[in-house]
Amino acid sequence: MEIVVCIKQVPDTAKIEVDETTGTLKREGAEVKMNPFDLSAIETALQIREATGGTVWVISMGPQQAAQVLREAFMMGADRGVLLCDPRFAGADTLATSYTLALGIRKAVRNPQLIICGKQTTDGDTGQVGPEIAEFLQIPHVCNVSRLVEAREHALVLMIDLQEMLQKVQVECPCLITVEKDIFPPRLPSFRKREEARHKLIDVLGCSDLETDDPGCFGLQGSPTHVEKMFPPVVDKPREIWTGTGVDLAERLVERLQRMKLWLPRDH
Ligand SMILES: Cc1cc2nc3c(=O)[nH]c(=O)nc-3n(C[C@H](O)[C@H](O)[C@H](O)COP(=O)(O)OP(=O)(O)OC[C@H]3O[C@@H](n4cnc5c(N)ncnc54)[C@H](O)[C@@H]3O)c2cc1C
């Protein structure tokens, strides 16, 4: 089975800042890492490869430095890597990102049977890219997969987390799935795989390598979304710290809840 994992390099969110003039994330010089959900997507692909055989491809759209996350995927055991890198891809919203990824997958892998994405990223966090790739490739998709029940050669049995309930589904390949972070704990790279990763080649594709009738669909030009403003949320709720004995605190809490009309005595 040809399995493709989409991986994104994201800023280390604890350290990212917003440029107050432009309202955009300050990405330059920010420390970066692989999107944590994508580590689980790679592990899922490796588990399926171990069950059915085949090849695990990893693909990322990003600047040259995104090659680093592809190398990390090689260290875990991925076989082939593709970097979609071109200044014309810059400024892409989720639609342009997924269009570019769909074309890149079609060009590099030809006959993908399974595409795996993370459920979401820790920066953009929309969770839109996976389903949009599936729509562009006209294949079914299953989101929020929390457990792989069975991997067969032409179908998967999956558990999906709908928050209020779990649902068991079967999906025929080719298909796309997006996975929860805890579907599988990602494996650590072995020494041998680290060495091998250094010598593996990454295929780099730009705009002119992708087959499309509409070159205006890439990057900022192909992005119908316009971000008006980006800002950290303002915490405007006053906070109080109460001290005292347990009884004092309980009485005070009841009195406050009654005042807020959130507490009714039992006989009401
Ligand atoms: C108008 C506009 C302009 C923007 N300009 C820029 C910009 O200049 N630079 C910039 O970095 N971002 C830019 N962004 C953000 C960019 O759109 C998102 O980073 C990108 O579309 C992915 O969306 P997301 O992070 O919400 O991914 P999600 O949909 O949350 O990701 C889900 C999964 O999709 C896959 N995936 C997502 N993105 C990629 C990727 N690039 N490569 C491989 N797999 C991927 C991963 O498996 C991931 O786990 C812009 C957004 C808008 C709206």
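Counting starts at 1 for both ligands and their atoms, following the listed order.
- Side chain of R187 to main chain of E43: no donor-acceptor pair is present (N/O by atom type, distance under 3.5 Å, no hydrogens or angles).
- The N/O atoms of K119, backbone and side chain alike, include none that comes under 3.5 Å of an N/O atom in ligand 1.
- A donor-acceptor contact shorter than 3.5 Å is absent between the side chain of R106 and the backbone of L210.
- The proximity of C117 to ligand 1, defined as any non-hydrogen pair under 4.0 Å, involves the side chain as well as the backbone.
- Looking at T225 next to ligand 1, no N or O pair under 3.5 Å apart turns up.
- Classification of the F218-Y99 ring pair by plane angle, with boundaries at 30° and 60°, yields tilted.
- For T97, every heavy-atom contact with ligand 1 shorter than 4.0 Å involves the side chain, none the backbone.
- Not a single donor-acceptor pair under 3.5 Å links the side chain of N144 to the backbone N or O of E180.
- Not a single donor-acceptor pair under 3.5 Å links the side chain of R88 to the backbone N or O of P215.
- Ligand 1 lies nowhere less than 4.0 angstrom from a heavy atom belonging to I116.
- At least one heavy atom of A92 sits less than 4.0 Å from an atom of ligand 1.
- Checked by atom type and distance alone, the side chain of Q9 pairs as donor or acceptor with a backbone atom of Q65 at under 3.5 Å.
- For the residues C143, G127, G62, G219, the heavy atom positioned nearest atom 30 (O) of ligand 1 is part of G127.
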Determine, step by step, whether H141 and T178 satisfy the side chain to side chain contact (heavy atoms under 4.5 Å, CB included) criterion, reporting the C-alpha distance in whole Å, the side-chain angles of both residues, the deciding distance to 0.1 Å, and the verdict.
-> CA-CA 8 Å; H141 69 268; T178 74; over 6 Å; no
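- The distance from ligand 1 to the heavy atoms of G124 drops below 4.0 Å at these ligand atoms: 24 (P), 25 (O), 26 (O).
- Ligand 1 has no N or O atom lying under 3.5 Å from any N or O atom of A90, backbone or side chain.
- Remark: ligand 1 and T121 share an N or O pair separated by less than 3.5 Å (distance only, no angle test).
- Within 6.0 Å of CZ in R198 there are 12 or fewer heavy atoms belonging to other residues, nucleotides or ligands.
- Using 4.0 Å as the threshold, A41 has no heavy atom nearer than that to any atom of ligand 1.
- Among the atoms of I59, none of the N or O lies under 3.5 angstrom from an N or O of ligand 1.
- For the pair G130 and ligand 1, the shortest N or O to N or O distance does not fall below 3.5 Å.
- At a heavy-atom distance under 4.0 Å, atoms from both the backbone and the side chain of T94 approach ligand 1.
- In this structure, L262 places its CG atom where more than 12 heavy-atom neighbours from other residues, nucleotides or ligands lie under 6.0 Å away.
- Checked against a 3.5 angstrom limit, the closest N/O atoms of V129 and ligand 1 fall inside it.
- Under 4.0 angstrom from ligand 1, there are no non-hydrogen atoms of T178.
- Using a 4.0 Å heavy-atom cutoff, S60 is listed among the residues neighbouring ligand 1.
- Taking each of D123, I7, D93 in turn, the one with a heavy atom nearest to atom 52 (C) of ligand 1 proves to be D93.
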Residues I115, L101; criterion side chain to side chain contact (heavy atoms under 4.5 Å, CB included); working and verdict = CA-CA 11 Å; I115 301 170; L101 284 166; over 6 Å; no
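- Checked by atom type and distance alone, the side chain of K8 never pairs as donor or acceptor with a backbone atom of G118 at under 3.5 Å.
- For a threshold of 3.5 Å applied to N or O pairs, the pair formed by K8 and ligand 1 contains at least one separation below that value.
- Judged purely by atom type and a 3.5 angstrom limit, D93 uses its side chain to pair as donor or acceptor with the backbone of T225.
- Considering Q120, M61, H226 only, the shortest heavy-atom separation from atom 40 (C) of ligand 1 involves M61.
- Counting heavy atoms closer than 4.0 Å to ligand 1, residue L220 contributes nothing at all.
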